[in-house]
Protein chains: 2
Amino acid sequence: MTDSPEILSRLARYQAAAKAAGVKLTHQRLEIFREVASSLEHPDAESVFRAVQIRLPTVSLDTVYRTLWLLHDLGLVATLGPRRGSVRFDANLEPHHHYVCTRCGLARDFTSAELDVMRIPDAVQTFGSIVTTHVEVRGVCGGCAAKSAAAGQPDLPPSGQEARRET
Amino acid sequence: MTDSPEILSRLARYQAAAKAAGVKLTHQRLEIFREVASSLEHPDAESVFRAVQIRLPTVSLDTVYRTLWLLHDLGLVATLGPRRGSVRFDANLEPHHHYVCTRCGLARDFTSAELDVMRIPDAVQTFGSIVTTHVEVRGVCGGCAAKSAAAGQPDLPPSGQEARRET
DNA sequence: CCTGCAAATAGGAATGATTGTCAATGACTG
DNA sequence: CAGTCATTGACAATCATTCCTATTTGCAGG
């Protein structure tokens, strides 16, 4: 709520990008933008919904979802963790890291002696105990890239309504 | 399906741990163990279910879930990505990393010049393009640790049925 | 300032993933 | 070999998310 310059800058960027994308700047979108821009904790749709609801009692959760994904598709927010969907299990107990395709969800392990010894800043300890540490690399896997090439568009970062649904 | 020594070793570990934990080694559990132990891709419950169904046409998806979480609670498998639940959005576009509490889902950003320049093994490129790279640190946050201390047990890694449900 | 239309919204139903409930079944102990 | 309790399967329930659709609204022109 204390509008720092960082937050105002984000908000301005959201509005500019929305305008540039030719989408309408509705009251509900502006409120959702404000909420997301000022979030420090990484909120889920429900949280944003509850917060926005205070000022705009009639917003629908659906609109919050659509606006959040709009920001995502415009490249203005990211999602925490790989593609949602279902919980996935990892039988590999050795230290390792993950490559995850943001299109199809393909996940592969890789190892790196260098990364295994990475030093985590002391400040992190103030958040809590550290149990595991690993690197998550995201990208578009070979299979999905081939599919994109076969279709029309080349290898762009996932955006647009259709890019969201896959597992 | 080609039972490598690694896989056989995992399987043996699962059975030993299950026995040690005093849970029964049922036919369905053994099949699910086998399936998980031999998985290279990180499967979700559905995938394991479909695979096990071939040999055991009557298994229920419920049993697969229960067994998967059993393995998880015994510390024999991990989950990919932070605690499931809902998609969470991140308005921070600067390079940064995440600390995530495995109990309550609290997520915090941290930065590290050292980690920002980490080198990803070339082999990863064979999986596909690399769009983002960041470190995910998991642990138990201060708040949850305090709660645990207040209750009975001290600061153990999340295990047991109750440790799963929170957001 | 008024009008029309495509885009956007509210709501509620639908979907997919996951978990809870409970009676029947089966794995081990004595 | 029988009894007991964990385990299972079927199904209902829940949660997050998306779909559908009638209604409303932002905004370009007149």
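Everything numeric here is computed off the predicted structure, so don't read it as measured data. Below, chain A is the first sequence line, B the second, and so on; all start at residue 1.
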Quiz item: Given that B:Leu61 and A:Thr67 both sit by DNA chain C, which one's nearest nucleotide is further toward the 5' end?
Solution: A:Thr67
Quiz item: Where along residues 16-23 of chain B does a heavy atom fall under 4.0 Å from DNA chain C?
Solution: none
Practice problem: For the helix from C:dC1-D:dG30 to C:dG30-D:dC1, figure out the bend between the end axes, five pairs an end, and round to 10 degrees. | Solution: 30°
Who pairs with [X] by ring pair (Phe, Tyr, Trp, His ring centres under 6.0 Å), at least two apart in sequence or on another chain?
| X | answer |
| --- | --- |
| B:His98 | A:His42, B:His96, B:His134 |
| A:Phe89 | B:Trp69 |
| A:Phe110 | A:His97 |
| A:Phe127 | B:Tyr99 |

Could you list all N or O pairs between the protein and nucleotides 21-27 of chain C that sit under 3.5 Å apart?
unit_1: C:dG26; atom_1: N2; unit_2: B:Lys24; atom_2: NZ; d: 3.4

Practice problem: Please name all residues satisfying side chain to side chain contact (heavy atoms under 4.5 Å, CB included) with B:Arg13, sequence neighbours left out, ordered by chain then number. | Solution: A:Leu93, B:Ser9, B:Arg10, B:Leu76
Could you pull out every donor-acceptor pair under 3.5 Å between side chains of residues 58-65 of chain B and any protein atom, sequence neighbours left out?
unit_1: B:Ser60; atom_1: OG; unit_2: B:Thr63; atom_2: N; d: 3.2
unit_1: B:Ser60; atom_1: OG; unit_2: B:Thr63; atom_2: OG1; d: 3.1
unit_1: B:Thr63; atom_1: OG1; unit_2: B:Arg66; atom_2: NH2; d: 3.4

Can you sort out the partners of [X] under side-chain hydrogen bond (donor to acceptor under 3.5 Å, both in side chains), two or more places apart, ordered by chain and number?
| X | answer |
| --- | --- |
| A:Ser47 | A:Asp44 |
| B:Gln28 | none |
| B:Glu46 | B:Arg50 |

Quiz item: Distance check: side-chain N/O of B:Ser60 vs OP1/OP2 of D:dG9, anything under 4.0 Å?
Solution: yes
Quiz item: B:Arg29 has an atom CZ; how far is it from atom P of C:dC28, in whole Å?
Solution: 10 Å
Practice problem: Keeping the roles fixed (side chain from A:Arg29, backbone from A:Lys24), state whether a donor-acceptor pair exists under 3.5 Å. | Solution: yes
